[in-house]
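Values in this document were obtained by computation on a predicted structure and should not be read as measured data. Proteins come first, then strands; the chains are lettered A, B, ... in the order of their sequence lines, and each starts at number 1. Any value given below was found using the heavy atoms of this structure, including those in side chains, with hydrogens, waters and symmetry copies removed.
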There are 2 protein chains.
Amino acid sequence: MPPGVLPKGARGRILTAALRLFADLGYGGTSVRDICASAEVQATTLYVHFPSKEDVLAEIIRLGHEELLRRLREALLAAQPDPREQLVALVRAHVLSHCEHAMLAVVASAELHALSEATAAPIRVVSAQAERLALDVVERGITLQLFNCPEPALALRAISSMGQRAAYWFAPGCGKTPQQVADTFADFALRIVGAQNKN
Amino acid sequence: MPPGVLPKGARGRILTAALRLFADLGYGGTSVRDICASAEVQATTLYVHFPSKEDVLAEIIRLGHEELLRRLREALLAAQPDPREQLVALVRAHVLSHCEHAMLAVVASAELHALSEATAAPIRVVSAQAERLALDVVERGITLQLFNCPEPALALRAISSMGQRAAYWFAPGCGKTPQQVADTFADFALRIVGAQNKN
DNA sequence: GTCTATAGATAGATAGAC
DNA sequence: GTCTATCTATCTATAGAC
């Protein structure tokens, strides 16, 4: 879990335990009893802090998507105005977030379908804002003739796919550091959009 | 479901219904009763054809991975010996398979963790064979100095990620045909590995 | 907030008549 | 192979004493 967003006490322990179990066994494969046992609270204490098991999942997924959007915004703000640098900054932040908070990213994307449509709707808004950030950068790069990319929408799908899947295969000790993966995938993103060399 | 692999009669209907439900609700979110109702058989008929719900999932996942491997092998055999053509053929087959059998691909990858390790092991072997095909092509391209690719393992991760994720977002009527996606992603793959122009 | 007890529904799986 | 009936376990969620 990203630092600072986790409530203290039983509520925070429940979220942490639920995240780990949802990532391992899936939402449907995890019981409220499992979560409470892992959080070391009584089997019914979850209902003191959340109305239902689904609300626990919703909170985790919301935290996941908001954390990603926050990091993408931060990266874009700190980048030089050159679309190439902006794309590199976005991809690096995207990949790092997925490697460093792999379980959160997995649950946030794989279990979104388990939420009711009403619960998922505001989360989809956050997710759409993140896509918008990247689309604006790519379109500006094309307009400035710095990118040679006939299918920008598919290019974005491809680039975000690389980062999303990293949450599944990346593990500390897999032979790469998150920074190496982020740097390499940022280079791949530049190749995909057909970025001109800087010099 | 790919043609020709589906048994006739109740067993085939059960597999078809289970695939749709696993894709929509997840393995843990689907009950045996749901499957039988959707397959229009009695609630206990599933146990005539399968020892357990997990065996239904295992069969679906096995079919999914074997179908993908079959298509990749076929594509590679039909390709010119130039690593660039081979990579294009593999990526096209990979993307087409994931677009045309999206539910199968989603279930085969997302629910693999729901299988016991003993059941998953032979399926992982099939999956490893598919990776091997692609790795051999990329390494040969590097050896022949047709590819400029300092991180071949990460390049393969990136390329397979594009195709895998396509199963999630692609839908008939999304504005692209499977062929368009396949052609575009094959081009992205060439860009990622830094393929030299042919002329 | 934490405990025991338990409601009410549903899960996977089985038995046996036909 | 199909049906009815059902076993046993487990699920989410609630009630109420402390």
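The phosphate of C/dA11 has OP1 or OP2 within less than 4.0 Å of a side-chain N or O from B/Ser31. The shortest distance between the side-chain N/O atoms of B/Thr45 and the OP1/OP2 oxygens of D/dG1 is not below 4.0 Å.
Summarising the geometry, the separation between CD on A/Gln42 and P on D/dA17 is reported as 18 Å, rounded to the nearest angstrom. In this structure, B/Arg13 atom CZ and D/dG1 atom C1' are separated by 12 Å, rounded to whole Å. A straight line from CD1 of B/Ile14 to P of C/dG12 spans 14 Å, rounded to a whole angstrom. Distance, B/Leu21 CG to C/dA11 P: 12 Å, rounded to whole Å. Between B/Lys53 atom NZ and C/dA13 atom C1' there is a gap of 12 Å when expressed in whole angstrom units. The CG atom of B/Leu46 sits 14 Å away from the C1' atom of D/dG1 (whole-angstrom rounding). Computed from coordinates, the A/Tyr47 OH to D/dT14 P distance equals 7 Å when rounded to whole Å. One can place CD1 of B/Ile35 at 11 Å from P of C/dA11, the figure rounded to the nearest angstrom.
Among the nucleotides C/dT2, C/dG12, D/dA13, the one closest to any side-chain atom of B/Val32 is C/dG12.
Judged by the 6.0 Å distance and 45° axis criteria, B/Arg191 is not positioned over the aromatic ring of B/Phe188. Cation-pi contact between B/Lys53 and B/Tyr47: absent, since separation from the ring centre below 6.0 Å together with deviation from the ring axis within 45° is not met.
Of the residues near DNA chain C, B/Thr44 and A/Ala10, the one whose nearest nucleotide (by heavy atom distance) lies more toward the 5' end is A/Ala10.
Look at B/Glu85 and B/Arg92 and you find no salt bridge, because none of the NZ, NE, NH1 or NH2 atoms lies under 4.0 Å from a carboxylate O. In this structure, A/Glu59 pairs ionically with A/Arg11, as a charged nitrogen and a carboxylate oxygen lie closer than 4.0 Å.
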